[in-house]
2 protein chains.
Amino acid sequence: MAWDTQETRRRLKEAAVAEFAERGPAGTTMARIAERAGINKERLYNYFGDKQSLFETVLTDELDKLAAGVALGNPGYQDIGEFAGRTFDYHADHPELARLLQWEGLSGGPVADEVNRTVHYQDKVRAVAAAQREGVLDDGLDPAHLVFLLIALAAWWFSVPQLAAMLTGADPDAPEERARRRAGVVEAARRLAAPR
Amino acid sequence: MAWDTQETRRRLKEAAVAEFAERGPAGTTMARIAERAGINKERLYNYFGDKQSLFETVLTDELDKLAAGVALGNPGYQDIGEFAGRTFDYHADHPELARLLQWEGLSGGPVADEVNRTVHYQDKVRAVAAAQREGVLDDGLDPAHLVFLLIALAAWWFSVPQLAAMLTGADPDAPEERARRRAGVVEAARRLAAPR
DNA sequence: CCCGTCTCCAACCGGACCGTTGGAAACGGG
DNA sequence: CCCGTTTCCAACGGTCCGGTTGGAGACGGG
């Protein structure tokens, strides 16, 4: 048994992400998180406080990862379709995030880390507005709406998988199906925003 | 005390819709549903069985209402934008439905009333495919994808209200804001599907 | 007026879960 | 070798919840 408190925290958090994403805050039990991590429950309380605090910690952590992940590959808005495609890819590769965000939205409580997230999104709106003024993007839609709807296109597949299954009848994990969905999202994004 | 079993069922179901939409299946308690309806808890079990059955009953009921509501105003696909607009309106007027569907999707269990719902959606896909063949709709997108993305445009606002608030900074219940959002949805739908 | 149905009330049981506690090992720095 | 920290283990108190039960009124059809 290594003597590594950071590793312990990491394993607990990893287990918490999985459990919260799967069952939501109400359905998750602290005991199961600990069990999944192979670490005693009492450590969980010692490090992260009660369940609510743990959920917020987990969510803001994952949002930081998202911000880091998309900030890397963001060379302006030369191709709005590829932006939507990358958002689609991120969600496909990290299905927990969309679920955590949905649980948060449904739970109706206060929004975790609201200030930073608001700033982050408003930055995107400003960037889109600038691109519209320059003619790089079509300006027929309000910039905030455009950002919102682009996210919708990319995230909707992971938000209502039952509906996706009923409409396409396909296995969402099959590579071809994923590629088809991505291509549709890219095309739709261009239709929404590409200059005419 | 009226002698009306149908009214009793109705009141229980009404309370169940509200509670389930607000707190989700896991967070809802049978006692609270009964209390909200002003009816004894034991009636609830007598009429609807256990919690899982009650949730499925409630959800399929609401989906039937939706089907009835949109089937009325569906005179072909002459204006795809108005179709999206009406879907937006329905969700705006019945915010519980989107939440119930999300809870269902997150809960990951079996899809309630799957057969009927699948048929219903496949009908829509066929109608869109026909419209594409006739040139009434642009055929650059797969018909199933198009239906799926049109629903996304309309429902996304009610699916992630926290995100909507951070992006627009507006009160979603204000009439002007609702009108602005609806107009954006209609415009976006036309961009996705209107023939060029 | 009577009988079957509907309803209420109150209480109960078994189980789950949150968060805590007491104690005892394992470990590493000095 | 010793002391403080980290970890484990087991158990507990209190609460809540799902689902059931027993008994007793209210109502309407015959």
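Residue numbering restarts at 1 for every chain, and letters A, B, ... go by the order of the sequence lines.
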*asked:* Whole angstroms only, please: what is the CD-P distance between A/E7 and C/dC27?
replied: 16 Å
*How long is the line joining CD of A/Q6 and P of D/dT5, in whole Å?*
17 Å
_Measuring from the side chain of A/N40 (C-beta onward, heavy atoms only), which nucleotide among D/dC9, D/dG19, C/dC8 has the closest atom?_
D/dC9
*Does any donor atom in the side chain of B/R180 or B/T168 lie under 3.5 Å from an acceptor atom in the other side chain?*
no
*Angle class for the B/W157/A/H145 ring planes (parallel below 30°, perpendicular above 60°, tilted otherwise)?*
perpendicular
_Tell me whether A/R99 forms a cation-pi arrangement with A/F20, defined as NZ or CZ under 6.0 Å from the six-membered ring centre and within 45 degrees of its axis._
no
*Picking from C/dT7, D/dT7, C/dC17, which would you name as closest to the side chain of B/Y47?*
C/dT7
*Under 4.0 angstrom, heavy atoms only, what part of the nucleic acid is B/G27 near: base, sugar-phosphate, or nothing?*
nothing
_Side chain of A/Y45 (C-beta onward), nearest among D/dG19, D/dC17, C/dT20_ = C/dT20
*Protein-nucleotide distance (B/E42, atom CD; D/dG19, atom C1'), rounded to Å*: 11 Å
_Candidates C/dG19, D/dG19, D/dG18 - which lies nearest the side chain of A/K51_ = C/dG19
*According to a 4.5 Å side-chain heavy-atom criterion applied to Ile, Leu, Val, Met, Phe, Trp and Tyr, with indirect links allowed, do B/F83 and A/L163 form part of one hydrophobic cluster?*
yes
_What's A/K41 touching, base or sugar-phosphate or nothing? Going by heavy atoms closer than 4.0 Å._
base
*Using a cut-off of 4.0 Å on non-hydrogen atoms, how would the nucleic acid contact of A/D50 be classed: base, sugar-phosphate, or nothing?*
sugar-phosphate
*Would you mind reading off the distance between B/R43 atom CZ and D/dA24 atom C1', rounded to a whole angstrom?*
14 Å
*What orientation do B/F88 and B/F158 show, parallel under 30°, tilted 30 to 60°, or perpendicular over 60°?*
tilted
*asked:* If I take atom CG in residue B/L44 and atom C1' in nucleotide C/dC9, what distance separates them, rounded to the nearest angstrom?
replied: 16 Å
*Could you give the CD-to-P distance, from A/E19 to C/dC17, as a whole number of Å?*
11 Å
*Would you say A/T8 reaches D/dT6's phosphate, i.e. side-chain N/O to OP1/OP2 under 4.0 Å?*
no
_Please report the distance, rounded to the nearest Å, between CG in A/N46 and P in D/dT7._
9 Å
*Once you round it to whole Å, what is the distance between P of D/dC16 and CE of A/M30?*
18 Å
